[in-house]
Amino acid sequence: MLCNLPADGIYETRGAAMSSTAAATGLVLFLLSLPVVQSQNDYAVTYTSTQICAVKGSTVVIGCSFKYPSRVNVLKRVWFTKWNKYNPEDLKTDPVYAGRVSYSSQWKNYTLTIRDLRESDSAVYRFRFETNQKNFTGLPGVTLTVTALQVHVGRSSNSNWATLTCQSSCRLNYHSSYNWYKNGHKVSSRNKYWYSVNLNPSDSYSCAVRGYEDFSSPSVCVRGDSCNRVNYSNRRICAFKGSSVDISSTYNSYESSIQLKSWFCSGRGSEDLTEDSQYKDRAEVTETERGRSTLRIRDLTESDSAEYHFKFKTQRFEWKSSLPGTTLTVTALQVKVSRIISVHESQTEAELKCESSCSPAGRLSFVWFKNGQKNTKQQTSTYTDRFYPEDNISCAFTGYEDYCSPPVYAPKFASVLVLNNSHEIVEGSSVNLTCSSDANPAANYTWYKDKKPVNTEQQLTFSSIQSSDSGEYHCTAKNELGQRPSEVIFINVKYPPKLASVSVSPSAEIVEGSSVNLTCSSDANPAANYTWYKENKLLLHGPVGRYHLSSISSEDSGNYSCKAENLYGPAQSVTLYIDVECKYFSEQLRKHV
């Protein structure tokens, strides 16, 4: 069955459940399964289930598959609960869901995950995909009901016993196991959703689904209203860095006189927070009405993220339960590059998103800063613009501009650091080249030798550098907003003479009186000095690798060799025998020939 929305001509299909198998993480039961309805134009959305019940604080996964003709291209996919000017409001851009929503896809399946569920998340969730031919939304969608647990006391008028039932506003999984708490302490060996207890007027009880003890029900009295109990106004609070937070609890004592009451923090013992060195200048406890205590912490830091408890003590009783208190998460904002639109030589067009690790209560607006200047036109969590390499971009919550996110920017520079295990780079030594930059997001690096790419790591490492590694090196630092090249450095690898050889010129017959040059050659850095030997006796030493005989005689016949040597070692040549012919006999020989 198709529905055509006149407002924007969007075709929609009423997708249905394929099976009743749970596709949610946490305590969920799918209550409805319907056959798939296929549209006549091969556009369809099929939801894994159409109704979900989940416990407050847990995580739910809502899944669907979608279908479209092979000739079209999918341009966009979103989950939504509300429309904004005939367009669906993407949950990932809604501040209410910030830090709690994620999408995942596999072929033509698309899932929505919502963490830390709140009762306000109860809504109808729909999936929509946009193609180059048609926009399509699956109807009726998935109805999510988020429930909080409550203990119901069923009394008998003629008995001192009562049956407690752990109830919810919608039906949870029948196979769920339950924990029960008496006066804040866990009662062993109970896993049913009901529990029979004695009607003691001092006792309170609470229940939780096993594995989700952080989301237990409020403690209730089983007889009267004057039992020992502590209940927290909020089990989880998200607050942003620099703000103040109020953590409240209601409490009651069966005995009339309370001797001591205080707040403490998990992980820091049971010390009163107003006396704790980390909190005492920022924390205060107020009681504006009897039986309600409020802990206020000012100028929050991320280290304040913890679980907070209230306790009281009378002459015969102390409430210091194993039930969870209020978990506070202090979040700082962070700018992330969510989408690159286009890249040009001098600028990058991109979409930035202001994110936090959790979502503070209420709909908060955002402030964006570009190079320290406030952008008065942009108040949503996303910001699209053209960014130059010199630009710095940050965001803040409106009213808390002093607590901006760290700025994002393209690499400001790229520099090269050379580390080796000696004063000079010598063949065989270990050498590390490190490329560093000031960039946010962190840069990726590419190394070049003689303008050709050789490595994509931040460090270019030579465990045993060779003479062939000599050359010009530079690196580039690049992130989503731009790139920056480093300066060019020359790596000059020093090494001892690799080879020494002797050659003679002319290489033909050597006759008395002729001019002869002996040359000693070697490959060395720095250049070698040379020493000449005849019959192992020193002839000459110097920087020039040549030994010249202007008028050779027969007495110069013999074995010649040379040694090439620099700071890093010597190399000895093989011996070359020079045979000097007598000029007279040489002429006579030529006549007879």
Side-chain angles (χ1 to χ4, degrees), residues 73-80 84-85 87-105 110 128-132 240 331-357 359 364-398 400-401 403-414 435-446 453 456 458 475-486:
N73 296 321
V74 175
L75 305 177
K76 187 177 181 180
R77 299 167 293 181
V78 298
W79 286 92
F80 68 97
N84 181 13
K85 295 181 180 179
N87 291 314
E89 188 172 322
D90 189 348
L91 290 179
K92 290 183 73 174
T93 64
D94 189 338
V96 171
Y97 292 90
R100 300 192 296 126
V101 162
S102 61
Y103 298 161
S104 62
S105 62
Y110 210 67
R128 171 186 173 94
F129 64 98
E130 300 177 2
T131 74
N132 57 339
F240 43 88
T331 183
L333 291 175
Q334 184 177 10
V335 177
K336 290 189 176 180
V337 181
S338 57
R339 186 163 59 101
I340 298 297
I341 300 171
S342 61
V343 178
H344 307 279
E345 185 176 350
S346 61
Q347 63 184 18
T348 299
E349 187 177 5
E351 178 187 79
L352 307 182
K353 184 172 178 59
C354 192
E355 294 185 346
S356 58
S357 60
S359 177
L364 297 167
S365 61
F366 294 83
V367 179
W368 287 90
F369 296 89
K370 185 175 184 180
N371 302 324
Q373 299 297 313
K374 183 186 294 187
N375 185 333
T376 57
K377 297 180 180 179
Q378 194 70 36
Q379 296 182 342
T380 64
S381 62
T382 59
Y383 173 33
T384 301
D385 202 350
R386 293 180 178 179
F387 303 104
Y388 293 85
E390 297 78 17
D391 288 339
N392 290 272
I393 313 297
S394 59
C395 66
F397 286 119
T398 302
Y400 292 87
E401 288 83 349
Y403 300 95
C404 285
S405 70
V408 295
Y409 46 88
K412 300 294 184 185
F413 64 88
C435 190
S436 60
S437 69
D438 176 17
N440 187 25
N444 294 315
Y445 299 92
T446 302
T456 56
Q458 185 174 10
C475 65
T476 59
K478 181 180 181 181
N479 66 10
E480 293 93 326
L481 299 176
Q483 70 176 16
R484 189 82 68 165
S486 73

Legend entry - Near-ring test Y103/Y110, centroid separation under 6.0 angstrom: yes
Inset, instruction - Could you tell me the separation between the CD1 atom of I393 and the CG atom of L481, rounded to the nearest 0.5 Å? - result: 8.0 Å
Inset, instruction - Could you grab the distance from atom CD of E355 to atom NZ of K336, nearest 0.5 Å is fine? - result: 5.0 Å
Legend entry - Within-4.5 Å side-chain heavy-atom neighbours: V101 and W79: no
Inset, instruction - Look at the aromatic rings of W368 and Y383 and report parallel, tilted or perpendicular, splitting at 30° and 60°. - result: tilted
Inset, instruction - Quick one: closest heavy-atom pair of S105 and R77, and the distance? - result: CB-NH1, 3.8 Å
Inset, instruction - Could you walk me through whether I340 and T348 pass side chain to side chain contact (heavy atoms under 4.5 Å, CB included), step by step? - result: CA-CA 8 Å; I340 298 297; T348 299; 4.1 Å; yes
Legend entry - Nearest heavy-atom neighbours spanning R484 and A414: O-CB, 3.6 Å
Inset, instruction - Evaluate the disulfide bond (SG atoms under 2.5 Å apart) criterion for residues C404 and C395: first the C-alpha distance (whole Å), next the side-chain angles of each, then the deciding distance (0.1 Å), finally the verdict. - result: CA-CA 5 Å; C404 285; C395 66; over 6 Å; no
Legend entry - For the student: nearest non-hydrogen atoms of E390 and N371, plus distance: O-OD1, 3.7 Å
Legend entry - Pair Y400 + F240: ring centers closer than 6.0 Å: yes
Inset, instruction - Specify the closest pair of heavy atoms between T331 and S357, including all atoms of both residues, with the distance to one decimal. - result: OG1-N, 2.9 Å
Inset, instruction - Give a yes or no answer on whether the side chain of D90 reaches the backbone of V78 with a donor-acceptor pair at less than 3.5 Å. - result: no
Inset, instruction - Output all residues satisfying side-chain hydrogen bond (donor to acceptor under 3.5 Å, both in side chains) with R100, sequence neighbours left out; order by chain, then residue number. - result: D121
Inset, instruction - Rounded to the nearest 0.5 Å, what's the gap from OG on S437 to NZ on K478? Could you check? - result: 13.5 Å
Legend entry - Flag, side chain of S486 to backbone of C475, donor-acceptor distance under 3.5 Å: yes
Inset, instruction - Determine whether T382 and S338 make a side-chain contact, defined as any pair of heavy atoms from C-beta on separated by less than 4.5 Å. - result: no
Legend entry - Distance-minimising heavy-atom pair for F369 and A396: CE1-CB, 4.3 Å
Inset, instruction - For T398 and S365, indicate whether the former's side chain and the latter's backbone hold a donor-acceptor pair under 3.5 Å. - result: yes
Legend entry - Basic-acidic side-chain contact under 4.0 Å: K353, E351: no
Inset, instruction - Work out which heavy atom in N479 is nearest to a heavy atom in A410; give both atom names and the distance. - result: OD1-CA, 3.6 Å
Legend entry - Partners passing side-chain contact (heavy atoms from CB on, under 4.5 Å) against N440 (at least two apart in sequence or in another chain): P406, V408, Y409
Inset, instruction - Any chance you could measure L352, atom CG, to E480, atom CD, to the nearest 0.5 Å? - result: 10.0 Å
Inset, instruction - Measure the spacing between OG of S102 and CG of L91 and express it to the nearest 0.5 Å. - result: 11.0 Å
Inset, instruction - Would you give the length of the straight line joining atom NZ of K370 to atom CG of N392, rounded to the nearest 0.5 angstrom? - result: 11.0 Å
